[in-house]
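Worksheet for the structure shown next.
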Number of protein chains: 2
Amino acid sequence: MSGPSTHAFLKHIPLFSVCHEDELARLAERAIEQRYEKGQMLFQRGDPCQGMYVLVYGRIKIAIVARQGTEKVIEIIHPSQSFGEAVMFLEQPYPVMAQAVEDSLVLFIPAETLFTALDDDSRLARRMLAGLSMRLRTLLKDVETYTLESAVERVVGYLLNSLEGSDDNVVNLPVNKQTLASRLNLTPETFSRVLQKLSEQAGIVVEGREIRVPDRNKLSEMRNLA
Amino acid sequence: MSGPSTHAFLKHIPLFSVCHEDELARLAERAIEQRYEKGQMLFQRGDPCQGMYVLVYGRIKIAIVARQGTEKVIEIIHPSQSFGEAVMFLEQPYPVMAQAVEDSLVLFIPAETLFTALDDDSRLARRMLAGLSMRLRTLLKDVETYTLESAVERVVGYLLNSLEGSDDNVVNLPVNKQTLASRLNLTPETFSRVLQKLSEQAGIVVEGREIRVPDRNKLSEMRNLA
DNA sequence: CTCGATTCTTGACTCTGATCATTCAGCTCG
DNA sequence: CGAGCTGAATGATCAGAGTCAAGAATCGAG
């Protein structure tokens, strides 16, 4: 992936799709490709932030690390998603860490480059505002999930959410079960037990990272009753 | 509070302090004053959003409402704080509700007015981006608190945070204990018991909504040991 | 000042999900 | 092939915080 393909890639990212061609060209030119191997850190809590990222391929986990080293996954980044914008605007060190959970390629867009683009184009600014608002909305939804829902409800919610849109009935877990458990704010043990329970009572079939859901309604009903 | 004083008020709000005088004038002119009595709703989950708010005086609670009516306070708004911006950019219904917990006066700024201002002034846009980023940072911190800290840690964290900056040793709770408990994701009972425990073991003194903290270090240590 | 209504506290009990420990299954690699 | 990982499942136990129920205290309106 070099200059021209970077341009094409950025163009289909919602955030940048509103940009004019020449602006896009400038962004593509200044964007830096970075490769990370599975397990490598992109940045750690406390590192200074110099720009934002867009994931091209692979998978990145964003996590917070508590005092005694306990780690909690906040988000799992999929290709075409951007991350790190908010920190860039705040001009403060990262409050989270990012680690590749698979071999990954990211585009790094330097803060200066983006700031210039924002000043030049109010439509980009508007998009960016909408993007951050969306992020806020999602995080709020997470708070809601963590504080108001039980373990079973969280897992059911995740599965149904993953099925949304597609009409085949298979969820492929994007990461291993430990990581996903942390994302759902569960221990691996509890996650395992919940899947067990859902197999028995909602007819789902778990095969490694592949989960088949023959009956969404049945699964959905598990949310209501205790 | 009428036109001219609205102008002066907006001017000292960080978000708008970067605006040019004439822009500020336009915002002040279009801003709508709204009074709410204690207990009144500003909006409910699902209502359409037409603009953003700035609190002039009083106190507003922002909360999510779960299916069975359970309510969880997300944030307590103090004077000069703004709220509702993110929803405005998303052009989606409110995911939360807002209710006055005291008689309050807010300024409502219509979406159109703000959008125009944003298009005209990239500095305002930048401020707004920083503001939303800050909000995101705070919400992330909340997730961290909810998922990684115990009840005692959350209360201690809240108290120490409230003391930050000031050098007298009194925290005045901004709302009643039920509401604050919900904000900290606790039941009122648990909150009460934690305060009880901190009185015995960290020497804090609770008198209604006033809490005296003679020794911050002692309080801080309660976080570490189980 | 007094009555009624919130709001807060306290006690007894329960339950969800965490922890700890072990076993099992699958891979990878020498 | 088998030794040694890593990830996953399962069982036994525990603890933190929630629930339910009953009082105590505080507030506010008349």
Side-chain angles (χ1 to χ4, degrees), chain A residues 37-39 59 61 66 68-73 99 101-102 145-158 172-200 204-211 222-223 225-226, chain B residues 37-39 59 61 66 68-73 99 101-103 145-156 172-201 204-211 222-223 225-226:
Chain A
E37 286 175 22
K38 179 173 177 168
R59 205 127 292 173
K61 79 168 184 215
Q68 322 96 322
T70 353
E71 185 183 296
K72 158 85 184 78
V73 176
Q99 184 183 28
V101 289
E102 285 176 21
T145 304
Y146 294 147
T147 61
L148 258 28
E149 294 184 2
S150 68
V152 172
E153 288 171 317
R154 296 206 291 277
V155 174
V156 170
Y158 174 79
N172 273 293
L173 307 185
V175 289
N176 65 28
K177 290 183 187 164
Q178 289 177 55
T179 306
L180 189 55
S182 173
R183 168 74 248 265
L184 296 171
N185 206 30
L186 299 170
T187 56
E189 292 95 328
T190 301
F191 187 43
S192 177
R193 285 187 249 263
V194 169
L195 288 180
Q196 178 58 35
K197 180 175 178 180
L198 293 179
S199 301
E200 289 165 8
I204 70 169
V205 182
V206 182
E207 271 168 18
R209 284 200 192 172
E210 192 173 301
I211 300 182
M222 297 291 297
R223 279 202 288 209
L225 34 109
Chain B
E37 285 176 23
K38 179 173 177 168
R59 205 127 293 173
K61 80 168 183 214
Q68 322 98 320
T70 354
E71 184 182 299
K72 158 85 184 81
V73 175
Q99 184 183 30
V101 289
E102 285 176 21
D103 293 352
T145 303
Y146 295 146
T147 60
L148 258 28
E149 294 184 1
S150 68
V152 171
E153 288 171 316
R154 296 205 291 275
V155 175
V156 170
N172 273 293
L173 307 184
V175 289
N176 64 30
K177 289 182 187 165
Q178 289 176 57
T179 306
L180 189 55
S182 173
R183 168 74 247 264
L184 296 172
N185 205 30
L186 300 168
T187 56
E189 292 95 326
T190 300
F191 186 44
S192 179
R193 285 187 250 262
V194 169
L195 287 179
Q196 178 59 35
K197 180 175 178 180
L198 294 178
S199 301
E200 290 164 6
Q201 299 181 27
I204 70 168
V205 182
V206 182
E207 270 167 16
R209 284 201 193 173
E210 191 174 301
I211 299 183
M222 299 290 300
R223 280 202 287 210
L225 34 108

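Chain A is the first sequence line, chain B the second, and so forth, proteins listed ahead of strands; every chain is numbered from 1.
With rounding to whole Å, A:Arg154 atom CZ is found 13 Å from C:dT16 atom P. Rounding to whole angstrom units, CG of residue B:Leu173 and P of D:dC27 are separated by 13 Å. Between the CD atom of B:Glu207 and the P atom of C:dC8 there is a distance of 15 Å, given to the nearest Å. The separation between A:Leu186 atom CG and C:dT19 atom P is 12 Å, rounded to whole Å.
Take A:Glu71 and apply the salt bridge (charged side-chain N to carboxylate O under 4.0 Å, His left out) test, not counting sequence neighbours, and it matches A:Lys61. Residues meeting the side-chain hydrogen bond (donor to acceptor under 3.5 Å, both in side chains) test with A:Glu210, sequence neighbours left out: none. Contacts of B:Glu37 classified as salt bridge (charged side-chain N to carboxylate O under 4.0 Å, His left out), with partners at least two apart in sequence or in another chain: none. Every salt bridge (charged side-chain N to carboxylate O under 4.0 Å, His left out) that A:Arg183 has, sequence neighbours left out, goes to A:Asp142. Looking at residues two or more places apart in sequence or on another chain, you find a side-chain hydrogen bond (donor to acceptor under 3.5 Å, both in side chains) between B:Thr190 and B:Thr187. Applying the side-chain hydrogen bond (donor to acceptor under 3.5 Å, both in side chains) rule to B:Tyr146 yields the partners B:Lys72; only residues at least two apart in sequence or on another chain are considered. Legend: residues meeting side chain to side chain contact (heavy atoms under 4.5 Å, CB included) with B:Gln196, ordered by chain and number and at least two apart, are B:Glu200. A:Glu102 is linked by a salt bridge (charged side-chain N to carboxylate O under 4.0 Å, His left out) to nothing, counting only residues two or more places apart in sequence or in another chain.
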Parsed dot-bracket for DNA chain C after applying the Watson-Crick and G-U rules with both distances under 3.5 Å and | for other-strand partners is |||||||.||||||||||||||||||||||

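Distances shown here put a side-chain N or O of B:Gln196 below 4.0 Å from the OP1 or OP2 atom of C:dT10.
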Name the pairs: protein N/O against N/O of nucleotides 28-30 of chain C, kept only if under 3.5 Å.
none

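For the segment residues 187-194 of chain B, residues with any heavy atom less than 4.0 angstrom from an atom of DNA chain C are, sorted by number, B:Glu189, B:Ser192, B:Arg193.
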Do any side-chain atoms of residues 173-181 of chain B form donor-acceptor pairs under 3.5 angstrom with protein atoms, and if so which ones, sequence neighbours left out?
residue	atom	partner	partner atom	Å
B:Asn176	OD1	B:Gln178	N	3.4
B:Asn176	OD1	B:Thr179	N	2.9
B:Asn176	OD1	B:Thr179	OG1	2.7
B:Lys177	NZ	B:Gly208	O	3.3

